[in-house]
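Here the structure is laid out as structure tokens; the discussion comes afterwards.
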Protein chains: 2
Amino acid sequence: MSIVFSQNSPIYLQLVEIMKLKIVIGVWPVGEKVNSVRDLALLFEVNPNTMQRALAELERQGFLYAERTAGRYVTKDQQLIEDTRHGMAEAYIVDFCENMKELGYSKDQIIDLIIKEAK
Amino acid sequence: MSIVFSQNSPIYLQLVEIMKLKIVIGVWPVGEKVNSVRDLALLFEVNPNTMQRALAELERQGFLYAERTAGRYVTKDQQLIEDTRHGMAEAYIVDFCENMKELGYSKDQIIDLIIKEAK
DNA sequence: GTTACTGTATTAAGCATTTAATACAACAAT
DNA sequence: ATTGTTGTATTAAATGCTTAATACAGTAAC
């Protein structure tokens with residue numbers, strides 16, 4: 001897979017964000033089984049312990065659940081997934097606007113720049 | 001000052017970003033003297049060594065320069081400052097749009113949401 | 001029943017960050 | 001000359017992240 005991890009935050013937290021994204025956009029579908037800890041560790045090229053830690057965190061947040069010896073599954077809670085998708089978008093928007101205003105850009109300038117970038 | 005530092009990235013790098021922002025938006029004006037390492041460390045409530053490391057990084061990037069025993073000053077390079085301001089904005093925009101598209105939002109949806117948020 | 005695969009747990013080592021406690025050389029003010 | 005302020009450097013300890021190397025219990029397949 002050869003992901004380049006940032007040096008400035010723990011790999012296990014980056015894994016959490018990457019896998020959470022796969023869940024909220026449906027690449028890992030609701031209720032479906034995910035690969036084993038060891039396979040995911042190979043896939044993402046990290047140590048199994050690091051992957052285990054990321055999976056435990058996703059479990060703590062409700063996005064995955066483990067069945068002791070049968071494997072690990074994506075949550076069946078569609079509501080959580082959709083709420084998370086909207087929550088992430090809202091957080092991106094608020095952060096972005098705050099950052100731009102801090103940098104001295106007006107509301108109209110922000111809108112103009114986004115229209116230029118997005119189209 | 002009581003800044004809440006994120007636990008997920010080194011404090012010295014967060015200090016770099018905070019102080020760089022002060023420079024590019026003119027809170028710390030071009031050519032002006034900045035407080036001493038020890039005073040800044042007190043102000044930001046971090047260890048002097050951590051502040052020293054952040055200042056050394058800002059120096060490496062050209063935003064500050066030290067005069068051995070006289071103190072430390074903001075660069076006089078207006079061009080660097082303005083280029084950095086625009087570069088930061090551009091990076092924010094690109095990141096934001098990428099993140100939103102990853103989350104499944106279309107260009108038009110992004111623009112709509114920004115207009116709602118920014119106005 | 002043996003084998004292979006689950007998730008989970010433990011111990012140890014290496015590394016970067018942070019803090020603490022000093023120390024030194026250069027210069028300004030007195 | 002002394003005192004106080006610069007930036008800078010060093011050593012040590014604590015902590016968290018990462019990797020490595022195992023180990024164990026439960027289940028499915030054969």
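Chain letters run A, B, ... following the sequence lines, proteins first, then strands; residues in each count from 1.
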Next on the checklist: Whether A/Glu98 and A/Lys101 form a salt bridge (side-chain N of Lys/Arg under 4.0 Å from carboxylate O of Asp/Glu) is what I want to check.
Outcome noted: no
Checklist entry - Under the side chain to side chain contact (heavy atoms under 4.5 Å, CB included) test, which residues partner A/Val4, sequence neighbours left out? => result none
Is there any protein nitrogen or oxygen under 3.5 Å from a nitrogen or oxygen in nucleotides 14-17 of chain D, and what are the pairs?
unit_1: D/dC17; atom_1: OP2; unit_2: A/Arg53; atom_2: NH1; d: 3.2
unit_1: D/dC17; atom_1: OP2; unit_2: A/Arg53; atom_2: NH2; d: 2.8

I'd like to check the salt bridge (Lys or Arg N to Asp or Glu O under 4.0 Å) partners of [X]; sequence neighbours left out, ordered by chain and number.
X: A/Glu102; result: none
X: A/Glu82; result: A/Arg85
X: A/Arg53; result: none
X: B/Glu67; result: none

Expressed in angstrom and rounded to an integer, what is the separation of [X] atom [atom1] from [N] atom [atom2]?
X: A/Glu45; N: D/dA20; atom1: CD; atom2: C1'; answer: 17 Å
X: A/Leu40; N: C/dT8; atom1: CG; atom2: P; answer: 13 Å
X: A/Leu42; N: D/dA20; atom1: CG; atom2: P; answer: 11 Å
X: A/Gln52; N: C/dG7; atom1: CD; atom2: C1'; answer: 7 Å

Next on the checklist: Can you see if the side chain of B/Arg72 gets near the phosphate of D/dT5 - specifically, an N or O under 4.0 Å from OP1 or OP2?
Outcome noted: no
Next on the checklist: Just N and O in the side chain of B/Ser36: are any of them under 4.0 Å from OP1 or OP2 of D/dT5?
Outcome noted: no
Checklist entry - What nucleotide, of D/dT8, C/dT8, C/dT19, holds the atom closest to the side chain of B/Asn47? => result C/dT19
Next on the checklist: Among residues at least two apart in sequence or on other chains, which ones pass ring pair (Phe, Tyr, Trp, His ring centres under 6.0 Å) with B/Tyr92?
Outcome noted: none
Next on the checklist: The criterion is ring pair (Phe, Tyr, Trp, His ring centres under 6.0 Å); which residues satisfy it with B/Tyr105, sequence neighbours excluded?
Outcome noted: none
Checklist entry - How is the hydrophobic cluster of A/Leu13 composed, in terms of its other members, when Ile, Leu, Val, Met, Phe, Trp and Tyr link through side-chain heavy atoms under 4.5 Å apart, directly or indirectly? => result A/Tyr12
Item to check | Whichever hydrophobic residues join A/Tyr73 through chains of side-chain contacts under 4.5 Å | outcome: A/Tyr65
Checklist entry - Hey, can you pull the residues of residues 56-67 of chain A with a non-hydrogen atom under 4.0 angstrom from DNA chain D? => result none
Checklist outcome for this item: Protein heavy-atom contacts under 4.0 Å, written 5' to 3' over nucleotides 22-30 of chain D as B (base), S (sugar-phosphate only) or - (none), form the string -B--BS---
Item to check | Donor-acceptor pair, side chain of B/Glu45 and main chain of B/Ile3, under 3.5 angstrom | outcome: no
